[in-house]
Structures are given as C-alpha cells and as structure tokens.
Amino acid sequence: MTYQNVITCPRSPISHSIDATDAAARVRRAVPADARESRWTAADGWEIRVLQIPARGTSWRRRGAILFMPGRGDCYEKWLESLNDWADSGWSVTSADWRGQGLSGRLGGDATTGHIDDFATWLADYAGIWTEFVASQPGPHVAIGHSMGGNLVLRAVAEKRIAPDAVVLSAPMLGLHPTWAPNALLAPVAQAICAVRGRTARAWSGSERPELVKRARQHLLTHDAARYADEQWWYQERPGLVMGPASWGWIRAAIASIRALERRGVLEKVREPVQILATRRDGLVSWPAIRSAAGRLPAGELVAYDEGCAHEILREADPVRAHALAEIEAFLDRVAPARG
C-alpha cells in the first residue's frame, strides 16, 4: 500500500443561501441534457433507476467508462457535479440508485426508512448492472463507490462478482461508529434489537429539527453549505427521493457486510488497483477501519484528509474537492490508461 498524508485543507466560509445564477449550482441542480435516465430490471423483476452520461469531447479524448454507486440514503442527483466532471474529462459515466433508495422503490415499512435484510441483494443487483455496463461501454472500466457504495463495490471485487480495471472508494463504509466497539460485539446487539423492535423499525429519529440539528448534519457531510443545500433542493423537485434514517435491519446487514471484508485473506486477495480517499475527521464511518483495510490491499493507495474535510469528499468545499478529483485522475491515468 502507498500512503499519502495530505495536509489540512482550508475550510470555506459557511453560508446559508445559494445564488441560483451560479453556474456550478445550475450543473448540480439539473440532469444533463445529454444524459439518459432509464430502468434496469433485475432477475426478480425489480426495476432500478439508472443514469447514463456519454463521454464528451472528440473521440481521441475518450478515456473509458465509470460506474459510480452512491451511499446509504443517496440518489444519483446528489453527485451530478462529479458525474459531469468525469464526462467532461472524456469518461462515459453511469450511476444508479440502490434498490430501495432514490426512485428505485422502498424495502421498508414506510416511504422514507432505508431498509435491507441482506447486502447480498444489492450485490446481486450491482453485479447485473456491471455486466451490462461492461458489455455496452468500451474500457477501461472503473468502479467508484461512496460510503455504503464503497463497501459494496469492494465486496463485489473481493468476491469476484466484478473485475474492474481500477477501483476508487470515497469514504468507504468499512467500519461504523463508535469506532472503539468491535463488530463482533455490535452484531449480536443489532440482532437482539431486530428481534425486539422489528427489522424495519427506524434506528434513529428522522427529524432534523431544531435548526441546530440540521447544521450538525451538514457538518458531518460537507463544509460547503451550497452543496449541502442541493440535496434539499432535489427533494423538493423530486419528492420521491426523500430518504430518512436506516432500519435496524439495515444496521444488522451493514455490520455483517463489514465483517465479511474483515475476514482474514479476503482483501489480501484483491489484485485490482484500489484508491481510497478518506478523512480522519469522518463522523459517519470509521477512519481506523479504512486505514486498516487499505493496508491489507496488495495494490491499495490511501489518500488521507484531515481538518476541513467531512464525509462527502466529492461534495466538499472547492479546495478539498479539487484535490480529490485530481488525485483520482492521476490514479486512473496511471493504472487504467486510455486504450487505442
């Protein structure tokens, strides 16, 4: 593993409004005119929403294809800025909701609780989407995942469900908080709560009031207030996207998926080049777990951020985000160069 100790990035001033005429905001708040939103049907008939953005520019600039998968409770709308950036750089970009998130239906007992019984369901969906993605797009083929998506992408690679040319993980969910509690302890606790309260019961409150709580949530995700506000804008534009807290069933399944990657020999057999971007200040996923996992990957690279960087690195303030995009570009140029 190679390790880059990135110096503290400066914070941007926190503001609580957004200029609707700002060009970057317009990109973040519109599905690109050249994009295609469609549905992919799983083997059991479940329909999953997919976004495809073609590579832009002349043919000699074409770099390959990226499949980006978001995190828990996410929708691809939140990540349009980065998806557009990669398309502008010559990548053909695909993204999708996870089953039960975004506009791909729900698995819980209500319209906003995020539920899954077993991450194996998502892994099967992802493998199917990946197969069609590879068949329809010229390579190199790159798998990118954020947070929960990072956990699932890495599991898919480790279990030989997919064989990408390169992997990029942003703040992957390889451990949860509290970071001091071993998953061997958390697993039976989650199982017991599921038995008492039910698998689909909410694991925490969905309320973001009072305002102090909203600001605390923002600081867990990003120091950029304008980018944080995009999420709520999309919820107003497309109300079906709204996702609240996870279920206790999701907690149980997430711990099981994390433990699957913790088993000795699993990550040590991953031969694909893997770049991990993470922050020591992450309040949602475990930095020690990420650091440990990165060290077990034979071709792993860890880019570490500190003060001024929260969980959503690709939605952070410009200094952090620009640095992260440059690191990803340099990594892909090195391990997955353009073909032809």
Side-chain angles (χ1 to χ4, degrees), residues 9 11-37 49-57 63 65-97 101-103 142-147 149-150 168-171 217-238 241 243 275 277 279 303 305 308-332:
C9 293
R11 296 184 182 183
S12 62
I14 296 293
S15 63
H16 300 286
S17 62
I18 184 169
D19 184 352
T21 65
D22 179 73
R26 291 199 300 272
V27 169
R28 299 194 304 266
R29 297 185 176 190
V31 174
D34 58 352
R36 176 173 175 260
E37 294 182 281
R49 193 176 60 134
V50 176
L51 175 75
Q52 295 170 300
I53 307 176
R56 298 176 183 135
R63 280 289 289 110
I66 289 172
L67 176 57
F68 174 87
M69 297 303 294
R72 192 212 73 80
D74 275 358
C75 52
Y76 57 62
E77 284 86 349
K78 279 181 61 175
W79 304 95
L80 284 172
E81 186 176 19
S82 294
L83 303 183
N84 268 293
D85 286 341
W86 290 324
D88 286 342
S89 297
W91 293 94
S92 173
V93 181
T94 301
S95 186
D97 296 328
Q101 295 190 177
L103 296 180
V142 178
I144 302 182
H146 168 71
S147 195
V168 177
L169 308 176
S170 165
R217 180 178 183 269
Q218 178 196 319
H219 292 164
L220 282 173
L221 299 179
T222 173
H223 293 87
D224 192 292
R227 289 187 172 100
Y228 179 78
D230 294 335
E231 183 180 30
Q232 295 302 316
W233 186 91
W234 276 109
Y235 286 168
Q236 293 175 6
E237 186 75 6
R238 296 180 170 183
L241 296 174
M243 177 67 78
Q275 182 188 61
L277 299 98
T279 172
V303 180
Y305 294 91
C309 181
H311 181 63
E312 293 182 343
I313 299 170
L314 294 176
R315 296 180 71 236
E316 254 297 354
D318 287 343
V320 173
R321 184 175 179 274
H323 185 278
L325 288 173
E327 288 294 318
I328 294 171
E329 181 180 12
F331 171 73
L332 295 180

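Along the sequence shown, residues are numbered consecutively beginning with 1. All values derive from a computational prediction rather than experimental measurement.
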Next on the checklist: Going by salt bridge (Lys or Arg N to Asp or Glu O under 4.0 Å), name the residues that satisfy it together with R238, two or more places apart in sequence or in a different chain.
Outcome noted: E37, E77

Next on the checklist: Quick check: do L277 and I328 have side-chain heavy atoms less than 4.5 Å from each other?
Outcome noted: yes

Checklist entry - Which heavy atom of A96 sits nearest a heavy atom of P70, and at what distance? => result O-CD, 3.2 Å

Item to check | Interatomic distance, M69 atom CE to Y76 atom OH [nearest 0.5 angstrom] | outcome: 11.5 Å

Item to check | Heavy-atom side-chain proximity of R72 to Q101 below 4.5 angstrom | outcome: yes

Next on the checklist: Test your reading of the model: is there a side-chain donor-acceptor pair from W234 to the backbone of A229, 3.5 Å cut-off?
Outcome noted: no

Checklist outcome for this item: P32 meets the side-chain contact (heavy atoms from CB on, under 4.5 Å) criterion, sequence neighbours left out, with D34, A35, I53, R56, L80, N84

Next on the checklist: Check whether Q218 reaches the backbone of Y228 with its side chain - one donor and one acceptor, N or O, closer than 3.5 Å.
Outcome noted: no

Next on the checklist: According to side-chain hydrogen bond (donor to acceptor under 3.5 Å, both in side chains), who are the partners of S147, at least two apart in sequence or on a separate chain?
Outcome noted: H311

Next on the checklist: Which residue is it: L67, V93, T94? I am looking for the one with a side chain to side chain contact (heavy atoms under 4.5 Å, CB included) to Q52.
Outcome noted: T94

Checklist entry - Parallel, tilted or perpendicular: which fits the ring planes of H323 and Y305, with parallel below 30° and perpendicular above 60°? => result perpendicular

Item to check | Between CG on residue L220 and NE2 on residue H223, distance to nearest 0.5 Å | outcome: 10.0 Å

Checklist outcome for this item: Those residues at least two apart in sequence (or on a different chain) that pass side-chain hydrogen bond (donor to acceptor under 3.5 Å, both in side chains) with S92 are Q137

Next on the checklist: Quick test of your reading of the model: are R29 and E237 salt-bridged, counting only N-O distances below 4.0 Å?
Outcome noted: no

Checklist outcome for this item: On a heavy-atom basis, the closest approach of C75 and L241 is CB-CD2, 3.8 Å

Checklist entry - Given side chains that start at C-beta, do those of W79 and R315 come closer than 4.5 Å, heavy atoms only? => result yes

Item to check | From OG1 (T222) to CD1 (I313), nearest 0.5 Å | outcome: 10.5 Å

Checklist entry - CD/E316 to CZ/R227 distance, rounded to the nearest 0.5 angstrom? => result 8.5 Å

Item to check | D97 side-chain N/O to L103 backbone N/O, donor-acceptor pair under 3.5 Å | outcome: yes

Item to check | Backbone N/O of F68 and side chain of S95: donor-acceptor pair under 3.5 Å | outcome: yes

Checklist entry - With E329, which residues qualify under salt bridge (Lys or Arg N to Asp or Glu O under 4.0 Å), at least two apart? => result none

Item to check | Flag side-chain contact, heavy atom, 4.5 Å: H146 against D74 | outcome: yes

Checklist entry - Are V142 and L332 side-chain neighbours, meaning at least one heavy-atom pair lies under 4.5 Å? => result yes

Next on the checklist: Salt bridge check, R321 against D85: does any charged N sit closer than 4.0 Å to a carboxylate O?
Outcome noted: yes

Checklist entry - Would you say the side-chain atoms of E81 pair up with the backbone N or O of A25, donor to acceptor, closer than 3.5 Å? => result no

Next on the checklist: side-chain contact (heavy atoms from CB on, under 4.5 Å) for K78 and R28? Distances and angles first, verdict last.
Outcome noted: CA-CA 7 Å; K78 279 181 61 175; R28 299 194 304 266; over 6 Å; no

Item to check | Any V303 side-chain heavy atom under 4.5 Å of Q275 side chain | outcome: yes

Next on the checklist: Holding to side-chain hydrogen bond (donor to acceptor under 3.5 Å, both in side chains), I want the full list of residues that pass it with T279, two or more places apart in sequence or in another chain.
Outcome noted: none

Item to check | Closest approach of P54 to A87 (non-hydrogen atoms, all atoms of both residues) | outcome: O-CB, 3.7 Å

Checklist entry - By side-chain hydrogen bond (donor to acceptor under 3.5 Å, both in side chains), which residues pair with E231, not counting sequence neighbours? => result R217, Y235

